[in-house]
Amino acid sequence: MRALVKTAPKPGLTLTDVKDPEVGHNDVMIRIRKTAICGTDIHIWKWDEWAQKTIPVPMHVGHEYVGEIVDMGVEVRGFKIGDRVSGEGHITCGHCRNCRAGRRHLCRHTVGVGVNREGAFADFLVIPAFNAFKIPPEISDDMASIFDPFGNATHTALSYDLVGEDVLITGAGPIGIMAAAIARHVGARHVVITDVNDYRLGLAKKMGATRSVNVTRESLKDVMGEIGMVEGFDVGLEMSGVPNAFSDMLAVMNHGGKVALLGIPPANTAIDWNQVIFKGLEIRGIYGRQMFETWYKMVAMLQSGLDLSPIITHHFKVADYVAGFDTMLSGQSGKVILDWRT
Ligand code: NAD
Ligand code: ZN
């Protein structure tokens, strides 16, 4: 089968033939229709420090996808050949305390599809059936292929009650933009989003942010005055991983505010702890998606009118994957889809 492989410890990926995967007793084999390029894939493409210490070579990567089941192990129940699925990219042990308590997103032994084991940028992907998620027919292939990052946005945004709240999102990457759309959909009042990239801020505005702020030109305090916010934000969603964005957020949170951190900052990033202590802030780290509560919420939000289609800005045939990665690297895109049925 074809796959996008890290063939050598250097930047880039190569479209080449690899051995078909084998189906274990509890696995499903998925024929991939569409995949999306994640920020993680960009780290892998660039072969940065994190990628060098994490990604085995050679290995094919990718973890955002939709496809249909073409084969399954003898023990698999609840799926049939032809089911259209995406899948949870975190494969958990099933035996640790958190797994046994149904908190699989907190498993201590998580293995990542396309990060620690072979991924979805291929004609076929094999995963445990437990990780597959059936997609209702009214949800498009495009949308199903981005359930993984949509799930990060959902897990983060829905970690606090947003009804009637003023929400600050730092970072208008694809996940921050989807979180803005979710916050509006579930009833937040002001949804203010920051970035340094005007293209992405424009997209965030189109998708439901009530105010976008380019922090290279405007200050959050000025914007709060302009929109009549006197006290501070009730909920903060950090989705940039940029230390300055996080400290700016802490400065404009209301007392008693709640902050969820999805963006991954450099290790040992310092903050002003007085902002946390004297404001009585609640801060929570977010990893992955809740299995599988987040997935059901995603389906329900799409079925109740959440429109995320503008976040998908580019489509490429898999043969043109270099152009796809270049588009993602340019910063002038939302989600970029690679079509494997071409
Ligand atoms: P992304 O890199 O596309 O988005 C980050 C955005 O932050 C970019 O648009 C960038 O221009 C913007 N930015 C840069 N400087 C800024 C500043 N000073 N203020 C505000 N914004 C600024 O990433 P993404 O794919 O949307 O993911 C968002 C973050 O979440 C990344 O840090 C990613 O590594 C992380 N992530 C975490 C998990 C998890 O499980 N915790 C999962 C997926 C992604
Ligand atoms: Zn576990």
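Order of listing sets the numbers, starting from 1, for every ligand and every atom in it.
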I'd like to know whether Arg2 forms a salt bridge (charged side-chain N to carboxylate O under 4.0 Å, His left out) with Asp123, so could you lay out the CA-CA distance, the side-chain angles of the two residues, the decisive distance to 0.1 Å, and finally the verdict.
CA-CA 6 Å; Arg2 300 167 304 165; Asp123 285 317; 2.8 Å; yes
Under the salt bridge (charged side-chain N to carboxylate O under 4.0 Å, His left out) rule, what do Asp166 and Arg189 come out as? Steps first, then yes or no, please.
CA-CA 5 Å; Asp166 294 336; Arg189 182 171 58 177; 2.9 Å; yes
Is it true that Leu338 and Phe147 fall in one hydrophobic cluster, defined by side-chain heavy atoms closer than 4.5 Å?
no
Heavy-atom cut-off of under 4.0 Å around ligand 1: list whichever protein residues fall inside it, by chain and number.
Asn152, Gly171, Ala172, Gly173, Pro174, Ile175, Thr194, Asp195, Val196, Arg200, Val215, Met239, Ser240, Gly241, Val242, Ala245, Leu262, Gly263, Ile264, Ile286, Tyr287, Gly288
Side chain proximity check, Trp45 to Val61, heavy atoms < 4.5 angstrom
no
Mutual orientation of the aromatic rings belonging to Phe133 and Trp295 [parallel < 30°, tilted 30-60°, perpendicular > 60°]
tilted
Establish whether Ile312 and Ile37 are linked, either directly or via other cluster members, by ILVMFWY side-chain heavy-atom contacts under 4.5 Å.
no
Could you pull out every donor-acceptor pair under 3.5 Å between side chains of residues 110-120 and any protein atom, sequence neighbours left out?
residue : atom : partner : partner atom : Å
Thr110  : OG1  : Cys107  : O            : 3.2
Asn116  : OD1  : Gly112  : N            : 2.7
Arg117  : NH2  : Val126  : O            : 3.2

Could you please give the number of protein N/O/S atoms within less than 2.8 Å of the Zn ion (ligand 2)?
4
Please list, one pair per line, the donor and acceptor atoms closer than 3.5 Å that link side chains of residues 224-232 to other protein atoms, with sequence neighbours excluded.
residue : atom : partner : partner atom : Å
Glu226  : OE1  : Arg211  : NH2          : 2.7
Glu226  : OE2  : Arg211  : NE           : 3.1
Glu226  : OE2  : Arg211  : NH2          : 3.4
Glu231  : OE1  : Asn254  : ND2          : 3.3

Do other residues, nucleotides or ligands put more than 12 heavy atoms under 6.0 Å from Arg103 CZ?
yes
